[in-house]
Amino acid sequence: MLFCGINPGLLSAATGHHFARPGNRFWPVLHLSGFTPRRLAPEEQEELLTYRLGITNVVARATARADELTAEEFREGGRLLTAKVERLRPDWLAVVGVTAYRTAFGDRRAQIGPQDRTIGTTRIWALPNPSGLNAHWTAESMAQEYARLREAAEAPPTP
C-alpha cells in the first residue's frame, strides 16, 4: 500500500515528516482503521515499512495550504506519481484527498472509494483528506473509510 498525500505542509517540509502538523488526523486515523497496531507519530514514519505501507505526495512543493498549488502542478505530480507507482508496483495506491486525485489524474467525477483506473496492476482508492480543515469528515468516519480500503487490500484476489 502506498499512501499519497497532496503535498507537504510547511511543518512537514521543515521536519521531513509526512502529516507533521498536530491537527492533521492521518496518524490517528491510520491506527483507528487498523493499518497500524498503535498510533505512530510523524517522526516514526519509517516504521510504516514494517507494515508494508509506504508514503509519498502528489506534489513535492511545500505550501501552507493545498489550494496554493496550481492545476498544472497537480497534473505534473500525477505523471510523476504514475512513474513512481510503475516502478514500485504496490498493490494499492491510496490518494489522500479526492480533489487532488481528480486534478492529478484528470478524473472530474471521482468519488471517495475505489477507482476504476489502475496503474499497471496497482489499484487506486481515493480517501478523504485528513487535514483538520476537512470538517466534512470526523476522525471516526475517516477511519471507517480507511478501514474499507484495508479490508479490500486484505481480501483474496478475485479470479
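Below, each value reflects all heavy atoms present in this structure, side chains not excepted, and no hydrogens, waters or symmetry copies.
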L32 vs M142, test: side-chain contact (heavy atoms from CB on, under 4.5 Å). Steps then yes/no. CA-CA 9 Å; L32 289 170; M142 263 189 263; over 6 Å; no
Has the side chain of [X] got a donor or acceptor atom that lies under 3.5 Å from a matching backbone atom of [Y]?
X: E154; Y: A152; answer: no
X: T103; Y: A100; answer: no
X: S33; Y: V29; answer: yes
X: E68; Y: R65; answer: yes
X: R25; Y: W137; answer: yes
X: Y146; Y: P128; answer: yes
X: Q45; Y: I55; answer: no

Grouping I, L, V, M, F, W and Y whenever their side-chain heavy atoms are under 4.5 Å apart, do [X] and [Y] come out in a common cluster?
X: I6; Y: I119; answer: yes
X: V96; Y: L149; answer: yes
X: V58; Y: I112; answer: no
X: F74; Y: F105; answer: yes
X: L48; Y: V95; answer: no

If you count heavy atoms of other groups shown closer than 6.0 angstrom to [atom1] of [X], is the number above 12?
X: R79; atom1: CZ; value: yes
X: R21; atom1: CZ; value: no
X: R123; atom1: CZ; value: no
X: R39; atom1: CZ; value: no
X: D67; atom1: CG; value: yes

Any pair with a residue in residues 80-94 that passes side-chain hydrogen bond (donor to acceptor under 3.5 Å, both in side chains), sequence neighbours left out, goes on the list, sorted by first then second residue, please. T56-K84
Compare all side-chain heavy atoms of [X] with those of [Y] and state whether any distance is below 4.5 angstrom.
X: Y101; Y: C4; answer: no
X: W27; Y: T36; answer: no
X: M1; Y: F35; answer: yes

Can you name the residues that form a salt bridge (Lys or Arg N to Asp or Glu O under 4.0 Å) with E151, not counting sequence neighbours? none
Do R38 and E44 pass the salt bridge (charged side-chain N to carboxylate O under 4.0 Å, His left out) test, and can you show the C-alpha distance, the side-chain angles, and the key distance before you say yes or no? CA-CA 11 Å; R38 65 179 180 83; E44 297 176 298; 2.8 Å; yes
Hey, can you tell me if F26 and F19 have their rings parallel, tilted or perpendicular (30° and 60° cut-offs)? parallel
Is there a donor-acceptor contact under 3.5 Å linking the side chains of E145 and W125? yes
Check the pair L93 / L81 against side-chain contact (heavy atoms from CB on, under 4.5 Å), numbers first and verdict last. CA-CA 10 Å; L93 171 65; L81 180 58; 4.0 Å; yes
When rounded to the nearest 0.5 angstrom, what distance separates CZ in R148 from CG in L127? 9.5 Å
Go through the steps to decide whether R102 and Q111 satisfy the test side-chain contact (heavy atoms from CB on, under 4.5 Å), and finish with yes or no. CA-CA 9 Å; R102 288 175 184 151; Q111 299 296 316; 3.6 Å; yes
Could you walk me through whether R61 and L69 pass the side-chain contact (heavy atoms from CB on, under 4.5 Å) check? CA-CA 8 Å; R61 183 170 73 91; L69 300 170; 3.7 Å; yes
